[in-house]
Amino acid sequence: MDLFSAQHPDFVSLAEGACWLPGFALPVMDTLWSGLQQHLSAYPPQQMMTPMGLMSVRTSSMGSWGWVGNSRGYAYSATQPGKHLPWPAIQPVILKLAEEAARRAGYPDFVPDSCLINVYAPGSKMGLHQDKDEMDFTQPIVSLSLGIPATFLFGGAKRTDKPVKIPLQHGDVVVWGGASRRFYHGVLQVKTNIHPLVGAQRINLTLRKAR
DNA sequence: TAGTGCCG
DNA sequence: CAAT
C-alpha cells in the first residue's frame, strides 16, 4: 500500500461481511444532492413514532417500499404515511451508487427496492437497533452519508456488544451483510456544524431489499 | 427495544 | 432497565 492509500484507505473492514468505504460516493455527490433536494421538497420528511416514543430524526423514502414506524411497531409500506399514494422510484444515481458500493463490498447481486432517507438536524440521534423487518437477510444494507459528520455505532449480534465508533463524513458509504447483516447499529447525537453543500444537517440514505 | 430518564 |  502506497503512502496515499495508507492515509486514505478506500476499504475498512468492520466485521465479517461489513465494511466502510470512505469517500466512495464523492464523485456523484453534487448530482445526487440535486436530485435528493427535489425529493425532499416533494416528500417532506416526518418524525416517525415507535413503540418507545417519537424519533428525533425525520424520515422520507423512495422505492417500492418505504419504512414506517408507529406506536405498535415497524413495517414496510407501499404507500406514504396517511396517504394512498406510492413512493417515487429510487433515483437512478442513487440506485447505481448503491449497487456499485455493494459490489465493491462483495455483494454483486444487490437489488434494493427501498431507500430510507433519515434527516438528522443537530441534536438528532438514533439508538442501537437491528434492521430485521426485511425478508431476505442474504441481501446487505448499504448506507450513504451526506452533509455534516456523525459518529456511527457499529455493534454486534447482541445489544450488549460494545460498538465500534465510525466517524462518517459526506460521501462515505458503509455496507453490512453476511454474518453482520443483523448487527446492532446506531448514531450518536449529531453535533452542530455546517456542510458547504448540504447545510446544517446530516442525511443518511439506507438502501435495502425489503421484500 | 429505530427512546428516555432514572438509578446506583 | 422499565413497559411495549
Side-chain angles (χ1 to χ4, degrees), chain A residues 14-15 17-18 20 36 39-40 43-83 87 90 94 98 112-137 139-168 172-177 179-192 201-211:
Chain A
L14 301 175
W20 170 25
L36 184 56
H39 173 88
L40 292 172
Y43 305 88
Q46 304 176 32
Q47 279 180 285
M48 295 291 180
M49 188 63 71
T50 76
M52 323 301 298
L54 192 64
M55 297 175 72
S56 59
V57 305
R58 292 178 180 271
T59 294
S60 181
S61 286
M62 294 176 188
S64 301
W65 302 98
W67 185 88
V68 293
N70 59 45
S71 58
R72 299 187 311 276
Y74 323 107
Y76 286 96
S77 169
T79 56
Q80 302 166 42
K83 303 192 175 184
W87 296 102
I90 299 174
I94 295 171
D113 58 11
S114 174
C115 176
L116 173 61
I117 302 163
N118 283 141
V119 179
Y120 294 73
S124 297
K125 63 194 172 182
M126 181 145 338
L128 278 184
H129 67 280
Q130 298 167 294
D131 287 16
K132 59 180 184 185
D133 296 314
E134 303 75 28
M135 307 229 60
D136 181 0
F137 294 110
Q139 294 274 321
I141 302 290
V142 174
S143 166
L144 166 67
S145 293
L146 298 90
I148 65 179
T151 302
F152 183 57
L153 303 172
F154 195 74
K158 295 175 296 182
R159 175 178 274 276
T160 50
D161 291 341
K162 182 185 172 70
V164 173
K165 292 182 177 182
I166 303 161
L168 293 182
D172 286 4
V173 174
V174 179
V175 181
W176 63 100
S180 61
R181 173 60 178 75
R182 279 179 266 197
F183 278 13
Y184 281 89
H185 55 280
V187 178
L188 288 184
Q189 188 171 72
V190 172
K191 293 180 180 175
T192 300
Q201 60 186 336
R202 173 189 189 243
I203 300 178
N204 182 71
L205 306 185
T206 315
L207 290 117
R208 315 100 184 278
K209 184 172 191 304
R211 314 290 287 261

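So that the names make sense, note that chain A is the first sequence line, chain B the second, and so on, each numbered from 1. The figures that follow rest on heavy atoms only: side chains count, while hydrogens, waters and symmetry mates do not.
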Selection from [options] that lies nearest to any side-chain heavy atom of [X]:
X: A:Met52; options: B:dT4, C:dT4, B:dG3; result: B:dG3
X: A:Thr50; options: B:dG3, B:dT4, C:dT4; result: B:dG3
X: A:Met55; options: C:dT4, B:dT4, B:dG3; result: B:dG3

Looking at side-chain heavy atoms only, is the closest gap between [X] and [Y] below 4.5 Å?
X: A:His129; Y: A:His185; value: yes
X: A:Lys165; Y: A:Leu153; value: yes
X: A:Ser143; Y: A:Asn204; value: yes

Distance under 6.0 Å and angle within 45° of ring axis: A:Arg181 vs A:Phe137: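 No, a cation-pi geometry is absent between A:Arg181 and A:Phe137.
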Spacing between [X] atom [atom1] and [N] atom [atom2], to the nearest angstrom:
X: A:Gln189; N: B:dT4; atom1: CD; atom2: P; value: 10 Å
X: A:Leu188; N: B:dT4; atom1: CG; atom2: C1'; value: 16 Å
X: A:Met48; N: B:dG3; atom1: CE; atom2: P; value: 13 Å
X: A:Gln47; N: B:dG3; atom1: CD; atom2: P; value: 11 Å
X: A:Leu54; N: B:dT4; atom1: CG; atom2: C1'; value: 12 Å
X: A:Met126; N: B:dG3; atom1: CE; atom2: P; value: 6 Å

Would you mind pulling out the nucleotide paired to C:dT4, Watson-Crick or G-U wobble, both distances under 3.5 Å?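 Base partner found: none.
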Could you identify the nucleotide paired to B:dC6, looking across every strand shown and requiring Watson-Crick or G-U wobble geometry with both distances under 3.5 Å?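 None - no nucleotide pairs with B:dC6, as no candidate has both distances under 3.5 Å.
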Counting any heavy atom closer than 4.0 Å, what does [X] reach on the DNA or RNA strands: base, sugar-phosphate only, or nothing?
X: A:Arg58; answer: nothing
X: A:Arg159; answer: base
X: A:Gly69; answer: nothing

Using the ring of each side chain (for Trp, its six-membered ring), is A:Phe154 parallel, tilted or perpendicular to A:Trp176, with breaks at 30° and 60°?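 Judged by the thresholds at 30° and 60°, the geometry between A:Phe154 and A:Trp176 is perpendicular.
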